[in-house]
Every structure is written in structure tokens, then in C-alpha cells.
Amino acid sequence: MLKFLKGIRVLLWVAGIIGLGFLVSSQVVAKLNQAEANLRSLEQEQIITYPVETEIIGVSDWETWRSYYGQSKSAHTQNITTYEREIVKSVLVDIGSRVKAGQTVITLQVADRDTKVQAGQTAYEEAKLNYNRLRQLNAKGGISKSEVDSAYSAMKNAEAQMKSTQTTLQRTSLKASINGIVSARNVEPGEIAEAGVALISIVDPGSMEAELMVSKKDISRINKNTPVEIYVDGNQSKGIVKRISPEAQAGSGLYPVVVGLSANSGILPGTYVEGRFMVNNLKNVVVIPSNVVMYRGNNQSVYLAEGDTAKQVTITTGEGRNGQVVVTSGLKVGDILITSGNRVLYDGAKISRAVEMAGHNNNLNINNSDEG
């Protein structure tokens, strides 16, 4: 009987221990399940969604205009000079006077010239008489043929001198050869006019041009078909490339380009002008805001939106100014570009975005001024 009671006691202890173990294990499992649930909840809370703005990439035309500067001048000018040193009798025009081709603008003294013409004519007549006399003597055998030839040569020289003097007499009235405006008057009545020195300058305001000084980086992009816009005091007019110098000016290293000005531009000779040349014209290219481009070393990249995920893509860029840049590779029409909020993103980041804006599809006129 005693042994039986001891056996019952052992069974009760074993059952108690088993029950206690089951209770403890149940509590442990419950704690583990709660910890796992808390961990999953924590992980879900740590998934961050970044708000961004986007636009759909399209294509644009990209024009680059460059500004250069110079001074206007008339394409047709005349400097009136005299052929001999002479005293000025009268000046018939002043600065600003309008003149027509064939109009007399200066007259010179003629007194000395009349004397020279008379002396030249007398010398010719004497040389002619002497030639005729010697020719008759030669016919009679009185003199040699060489003497006659010398007399003939002297007669022809005297004739040429006489005609030259007569022509000089006719040049006492100096005339305009073009229609235009007197831009300079460098002589007064009674003064001596030196041969070859400009006495009166005339310009034709209807045929204006400007010489603009262009840098080496753009001279190869300019030809006679290059569009040019001329600006003076805010007023715009069209120009046309007339001549391009193949040689740079010494010292400045700039290349002179002569641009014809519009006849109704109203630009006067000597006016300083700004000429804008279209030096580049790209059709149907991808253009994006330059501030969305990410730089790391020599690599450039942007973020695209693919569903609710940001994708980083490598790109190559070309020209860029005024907050815009041309993309030469890496993007295509229809890509969704992240334009705002991209600075905190990483490849694969979750994003939330508004409705995409369409990309630009118009002409971009990019201006950059370079002074010569």
C-alpha cells in the first residue's frame, strides 16, 4: 500500500511538471508570435514613400544665338581728291548735305592752269612744225631718217603733254560720283588741296553694312546663309552675311564678318550695333531642365519614374544654357522624368507622384553674348 501511494505521488509530480512546461511553452510561443508581428509592423513603418513631380519627355528644336559687336559703315563711299596741288576756289557742300552723282562739290583755281594749257599747246605746235620741216628735208636728202624719227617722237610727246594739261584744266570742278550724304569736309576756300588727300567724303546711307568681330569658336559655324539679327537701342532688324574673313585680326584674334543691313533700318554710318548669329540649330532633340541632372565624377544621371519606383539612368548631355540642357543619349520620348524631389532619391526608391506634365515641344532660342 505504501508503495502504491509513492507511485501515485510520483505520477502527480510528473503531471505537474508536464503541465507547467506546457504552460511556459505556450507563453513563449505567444511572445514570439507577438514579437514577429511587431517586427513586421515596424518594417512596414520603415518603408518611406517620396513625393515627386514628373513630366513626360518630348522633343524640341534647339537654337543657339550668339551676340557679337561692331560698327556700321556705308558699302558705297567716295573720297573726293585733286590730281595736282592746287588752291581751292570754293566748297559748295557741308557735312550732312545730300548730293547726287555728277554734282560739283569743289572748284579749284584756274589761272595757272590756263597758262599751262597755252604753253602746252604752243610746245606741241612748235614740235609739229619742226617735224614737218625735217620730213621735207629728208625727202630732198638733206638730213637722215633718224633725225626725222627723233622729231616725230618729240612731237608726240608734246601732244601727250598738251592733252594731259587740257584734261587737268577740266578737273577744276570736282564732282560727286555717287548719290549720298557728305560725311566729312576737310578743306575750306583759299586753302591748298594736296594731291591724293581726301577733301570731301560722301557715303551712301542706302547701302549700309556692319563689320562684326567674331570669335574662333563660332567663325566656322557662320556662312552666307546664317540668319542674323541686328539690334540698335532695342530696335531689331534683319541682316545678311556678305563677307567672312578667313584671317583673324592681329592682336585680338577675332575674325571680321561683314553683314549687310536692311535699307529701312535707319542705321547711320558709325553706329555701334549688336549682331546675333544663329550658330546652332538642332531639330527634334530631347531637352530637360539642367537642375535635374545628377553628377558623380564624370558620370551624369537622372531619375525616371517606373510605376511607383524611381530608376536612376545614366545620360550624356550636350549644349546647355539658361536652365536647359540637350540630352544626346540615355533618354527617349515618352520617358517619365522626375523633375522635383529627386535630390533625396536612390535607385529603387518608392515614390508618389502627381499627374505627369507633357514635355516641351517648341523652339528654344538660347542667347549668349560674346564681346569681341
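Values reported hereafter were calculated over all heavy atoms of this structure, with side chains retained and with hydrogens, waters and symmetry mates removed.
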Report yes or no: does [X] contribute a side-chain atom to a donor-acceptor pair with the main-chain N or O of [Y] at less than 3.5 Å?
{"X": "Asp61", "Y": "Asn284", "result": "yes"}
{"X": "Gln71", "Y": "Thr271", "result": "no"}
{"X": "Ser329", "Y": "Ile315", "result": "no"}
{"X": "Gln324", "Y": "Arg321", "result": "no"}
{"X": "Asn223", "Y": "Asn225", "result": "yes"}
{"X": "Ser150", "Y": "Ser146", "result": "yes"}
{"X": "Glu147", "Y": "Ser144", "result": "yes"}
{"X": "Asn186", "Y": "Ala198", "result": "yes"}
{"X": "Gln136", "Y": "Arg133", "result": "no"}

* To do: Step by step, work out the side chain to side chain donor-acceptor pair (under 3.5 Å) result for Glu319 and Thr64.
  => CA-CA 9 Å; Glu319 285 192 357; Thr64 302; 2.7 Å; yes

* **For the student: nearest non-hydrogen atoms of Gly307 and Ile351, plus distance** => O-CD1, 4.3 Å

Counting C-beta onward and ignoring hydrogens, is there a side-chain heavy-atom pair between [X] and [Y] closer than 4.5 Å?
{"X": "Thr54", "Y": "Thr339", "result": "no"}
{"X": "Asn342", "Y": "Val302", "result": "no"}
{"X": "Tyr50", "Y": "Val344", "result": "yes"}
{"X": "Val91", "Y": "Arg185", "result": "yes"}

* To do: Please check if Ile181 and Leu92 belong to a single hydrophobic cluster, counting links between Ile, Leu, Val, Met, Phe, Trp and Tyr side chain heavy atoms closer than 4.5 Å.
  => no

* Should the pair Arg276 and Tyr231 be classed as cation-pi, given the thresholds of under 6.0 Å to the six-membered ring centre and 45° from the axis? -> yes

Rounded to the nearest 0.5 Å, what separation is found between the [atom1] atom of [X] and the [atom2] atom of [Y]?
{"X": "Ile106", "Y": "Lys89", "atom1": "CD1", "atom2": "NZ", "answer": "13.5 Å"}
{"X": "Ser301", "Y": "Asp347", "atom1": "OG", "atom2": "CG", "answer": "9.5 Å"}
{"X": "Leu331", "Y": "Ile336", "atom1": "CG", "atom2": "CD1", "answer": "12.5 Å"}

* Asked: Would you call Glu125 and Lys128 a salt bridge, using N to O less than 4.0 angstrom?
  -> no

